[in-house]
Number of protein chains: 2
Amino acid sequence: MSADQTSQLLSNWKNSLHQHGYRVTRPRLQVMEIVAATRIPLTPQDVYHKSLNLESPPGIASVYRTLEMLDVLGLIQQIHQPGGCHGIWPAVDGHKHLLMCRNCGQMQVIEGNEEITEYIRRIEEDTGYEVDEHWLQLFGICSECSK
Amino acid sequence: MSADQTSQLLSNWKNSLHQHGYRVTRPRLQVMEIVAATRIPLTPQDVYHKSLNLESPPGIASVYRTLEMLDVLGLIQQIHQPGGCHGIWPAVDGHKHLLMCRNCGQMQVIEGNEEITEYIRRIEEDTGYEVDEHWLQLFGICSECSK
DNA sequence: TCCTTATTGATAATGATTATCATTATCAAT
DNA sequence: ATTGATAATGATAATCATTATCAATAAGGA
Ligand SMILES: [Mn+2]
Ligand SMILES: [Mn+2]
Ligand SMILES: [Zn+2]
Ligand SMILES: [Zn+2]
């Protein structure tokens, strides 16, 4: 996430708060800045501990409340991690798949493809299920970490 | 999971304990019977509460310890559920994909396909990652629940 | 600037998981 | 079958994360 992208995200998020009648407060901004800038998924505890570096950190309750709010607004999504759940990650537009480095935690968003859609359609026929959501998460080692 | 499959699973699990030098105790058997027989993912708390119906239930600590042991032995796997993590489910042989009913929690194991393998190989080329694991989980409504 | 009230933060309450340790029970060796 | 070393248990305490409470504060429209 570049600095540009982060501030872009932040201003979108602030707009979303305004549009939904949420007040834009300092504790909320502090949490949003941390989450918008992260390159790896963060737990609520992670966010709280990062915030402690700030001059006047938010209370732990406000961290949870702000993350809950961001989730309700669809601005963040939960990432299910191997051996530990959940991390927080800025939501991506539309449906995307995720790739995560086991070593450094770095997340990468990858595009879906037509074969998977077709595969799922076949599953629906075979099982009689109506599939309305799918997760595809890939795990491995990024090129940086495998050097 | 039919009664046959359940007892098959159980005897495999007991063999595994023996082979790895774990003692086969009553609390462990009680937990294993519950987990082997379930049709939906169970949390440790779920397992514990089910066990309370038994004449002489295991202590809560033994429930956690047994589930940890089964996990270490690769006999169960963690299922990541939407809006709630984790459930416990008997491990399936090799790599399989999972389909879960949002309404009744029923799990179904589905086969992977060649297109997904090819898709992942393409991702590796594009990103430089070495992908060593992937999760594909589908969510929807089973035919029973959509009646 | 004022006023309404949404929001905050300190703290208590709750709930789940893990650690402790004296007692018990498994199972290999006899 | 009995014994003995020790793995395992269970009651309970400790820890840790999350949620609830409520008086004080501050956002933002009037
Ligand atoms: Mn997809
Ligand atoms: Mn999860
Ligand atoms: Zn990496
Ligand atoms: Zn169903």
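By convention in this document, chain letters (A, B, ...) are assigned in the order of the sequence lines, proteins followed by strands, and residues within each chain are numbered from 1.
Straight-line distance from the CG atom of A:Asp71 to the P atom of D:dT19: 11 Å, rounded to whole Å. The distance from atom NZ of B:Lys14 to atom P of C:dT26 is 14 Å, rounded to the nearest whole Å.
In terms of the side-chain hydrogen bond (donor to acceptor under 3.5 Å, both in side chains) criterion, residue partners of B:Glu118 (sequence neighbours excluded) are, by chain and number, B:Arg121. The side-chain contact (heavy atoms from CB on, under 4.5 Å) search around A:Gln108 returns A:Leu99, B:Thr127, B:Tyr129, not counting sequence neighbours. Considering only residues two or more places apart in sequence or on other chains, A:Ser16 meets the side-chain contact (heavy atoms from CB on, under 4.5 Å) condition with A:His20, A:Leu73, A:Leu75. Take A:Ile60 and apply the side-chain contact (heavy atoms from CB on, under 4.5 Å) test, not counting sequence neighbours, and it matches A:Gln45, A:Tyr48, A:Tyr64. Here A:Asp4 pairs with nothing under the side-chain hydrogen bond (donor to acceptor under 3.5 Å, both in side chains) rule; sequence neighbours left out. Applying the side-chain contact (heavy atoms from CB on, under 4.5 Å) test to A:Arg65 and every residue at least two apart in sequence or in another chain returns A:Ala61, A:Ser62.
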What does the 5'-to-3' dot-bracket notation of DNA chain C look like when only Watson-Crick and G-U wobble pairs under 3.5 Å count, and pairs to other strands show as |? ||||||||||||||||||||||||||||||
Quiz: residues 25-35 of chain A side-chain donor-acceptor pairs under 3.5 angstrom, not counting sequence neighbours:
{"residue": "A:Thr25", "atom": "OG1", "partner": "A:Arg28", "partner atom": "N", "Å": "3.4"}
{"residue": "A:Arg26", "atom": "NH2", "partner": "A:Ser56", "partner atom": "OG", "Å": "3.1"}
{"residue": "A:Arg28", "atom": "NH1", "partner": "A:Arg23", "partner atom": "O", "Å": "2.7"}
{"residue": "A:Gln30", "atom": "NE2", "partner": "A:Ser56", "partner atom": "O", "Å": "2.9"}

How would you summarise protein contacts on nucleotides 3-15 of chain C per nucleotide, using B for base, S for sugar-phosphate only and - for none, with heavy-atom distances below 4.0 Å? --BBSBB------
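A residue-by-residue look at B:His49 and B:Val24 shows that B:His49 has its nearest nucleotide of DNA chain C further toward the 5' end.
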Would you please test B:Tyr119 and A:Ile116 for side-chain contact (heavy atoms from CB on, under 4.5 Å) and show each step? CA-CA 9 Å; B:Tyr119 171 63; A:Ile116 288 177; 3.5 Å; yes
